[in-house]
Protein chains: 2
Amino acid sequence: MPENKPRISKAALGRISQYLNYLKKLPEGAYPYISSTIIAEELGLNQVQVRKDLACVGNGGKPKIGYKRSELISDIEHFLGHDDSSDAVLVGVGNLGKALLAYGNFNKYGLNIIAAFDSDKNLIGSQIAGKTVYSVDKIPELCKTLNVKIGIITVPASEAQEVCNRLIDGGVRAIWNFAPAIISVPKRVVIKNEDMAASLAVLSKMLKENLLNYGAD
Amino acid sequence: MPENKPRISKAALGRISQYLNYLKKLPEGAYPYISSTIIAEELGLNQVQVRKDLACVGNGGKPKIGYKRSELISDIEHFLGHDDSSDAVLVGVGNLGKALLAYGNFNKYGLNIIAAFDSDKNLIGSQIAGKTVYSVDKIPELCKTLNVKIGIITVPASEAQEVCNRLIDGGVRAIWNFAPAIISVPKRVVIKNEDMAASLAVLSKMLKENLLNYGAD
DNA sequence: TAGATTGTTAATCGATTAACAATC
DNA sequence: TAGATTGTTAATCGATTAACAATC
């Protein structure tokens, strides 16, 4: 019986999210029990790493048998907080904002977008994917009323900081930022930047190296 | 004069992309020279780390003075490949696909989306943000003709692997995957998953810890 | 029992940070 | 010159991997 769960790194969190994804996609009933060896193989990871990660989320598997799949899934879901949803609001109902609003799956991941904001008068009052769009002026007030702790920013870079400030005025404590902007927040607020430029830089470098290693054709 | 540029980590690449973003947003002419100390402070990083990162991209700054801003910008741009653009195609013209097509800034980052694909007959033949939408059946053929090496996947998870296979048939060597799916690719192909679920998991954990440290209100 | 698999302890590796010398 | 800043070498830290004991 494992005891003190070790603190977890961001990289490990990402992997754990991957495991869940993988486990849920396995054909129903095909693997009542699954081993770290198989998971590692399928996902291209080290098996010890998989076991270490899994040691953080539940109370372990059984030697010779592996981990009970259904149990592992609910352990991970609990660990990632998928079972107690947090409410969020989204600011900036452009294409990306609409895409995120329409993407129904966030609920599965414990995120519940309950309202949207925009500065465009034509959008205010309308419904996008079942969520009402309010004026950005209402951000602080509505966030307080709804007791929202998570704000998603999908506005142009130039407006990102201002929008962020209003969210924080409304009591938001976590910012998920999709704008290509550097935003500063006080210490009591956390921010996760979804930096496409950085991702693209990584992809480009990977491609370049790979072309060197395996030839350009 | 620094000599052998060290190999660079993905984390470092992300930071370098951040530096560029920051440098470009500085008021024109205000800082002809900028120090690693200031960059580090503004971006909440360690100054030695900033210097190490910058040592990889150009041929350094001057003691007491710092780095010449204009030079640093073009060094980073060159390093990240922003000056020689790569062509890419995008598959899946839903909300997210549209958002990426409409997002004009990829050109600045050296990525040039030249065509899109979808399976919806109503979309095929139309133009989205100036790019023609073709049938997914045409993927291998058109990718070969256009000599495209980068494919962006924004289809539902269930179709992602199939779409990926077609891209690879067409000679694509790098996949930027936005579908919440585990895709397998041969070794000569690189893949970068844009995993929203993982990002969200990180944000949630950060929020939870922060609420513990700074109180829930 | 024998063997597959887990979980843990120790070793390795890589990235970050600290200390300091070089230099403009 | 003195001091700010760079760049480098060494130390630290954390994450990954290897080796192995425990166990079903």
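- If you measure from atom CG of A:L43 to atom P of D:dT16, you get 14 Å, rounded to the nearest angstrom.
- Side-chain proximity of A:K64 to the nucleotides D:dT6, C:dA4, C:dT17 is greatest for C:dA4.
- For the pair B:R69 CZ and D:dT5 P, the interatomic distance rounds to 18 Å; values are reported in whole Å.
- Atom NZ in B:K10 sits roughly 13 Å away from atom P in D:dT16 (whole-Å rounding).
- When the P atom of C:dA4 is taken as reference, atom CD1 of A:I34 falls 18 Å away, rounded to whole Å.
- A close approach under 4.0 Å does occur between a side-chain nitrogen or oxygen of A:Y67 and OP1 or OP2 of C:dG7.
- Taking 3.5 Å as the limit, the base of C:dT6 and the side chain of A:K52 contain no donor-acceptor pair of atoms between them.
- Salt-bridge check for A:K24 with A:E77: passed, with a basic side-chain N closer than 4.0 Å to an acidic carboxylate O.
- One can place CD of A:Q49 at 17 Å from P of D:dG14, the figure rounded to the nearest angstrom.
- Looking at A:E209 and A:N213, their side chains never bring a donor and an acceptor atom within 3.5 Å of each other.
- Ranked by how close their nearest DNA chain D nucleotide is to the 5' end, B:G66 and A:L45 are led by B:G66.
- One N or O on the side chain of B:R166 and one on the backbone of B:V136 form a donor-acceptor pair closer than 3.5 Å.
- Nucleotides of DNA chain C nearest to A:V48 and A:I65 differ in position, and the one nearer the 5' end is that of A:I65.
- For B:Y31 and D:dT5, the OH to P distance is 12 Å, given to the nearest whole Å.
- C:dA15 and D:dT12 make up a base pair, with Watson-Crick or G-U wobble contacts both under 3.5 Å.
- Using a 4.0 Å heavy-atom distance criterion, B:K62 is classed as a sugar-phosphate-only contact.
- Whole-Å rounding puts the B:L54 CG to D:dT8 P distance at 13 Å.
- Between B:R51 and the phosphate of D:dT6, there is a side-chain N or O to OP1/OP2 separation shorter than 4.0 Å.
- Side-chain proximity of A:S9 to the nucleotides D:dT6, D:dT17, D:dA15 is greatest for D:dA15.
- Nearest nucleotide to the A:P63 side chain, out of D:dA4, D:dT23, D:dT16: D:dT23.
- Side chains of A:Q49 and A:D53: a donor-acceptor N/O pair is absent below 3.5 angstrom, by distance only.
- Between B:K108 and B:N105, the side chains place a donor N or O and an acceptor N or O closer than 3.5 Å (distance only, hydrogens not considered).
- With a cut-off of 3.5 Å on both pairing distances, the Watson-Crick or G-U wobble partner of C:dC20 is D:dG7.
- The CG-C1' distance, from B:N46 to C:dA18, rounds to 9 Å in whole Å.
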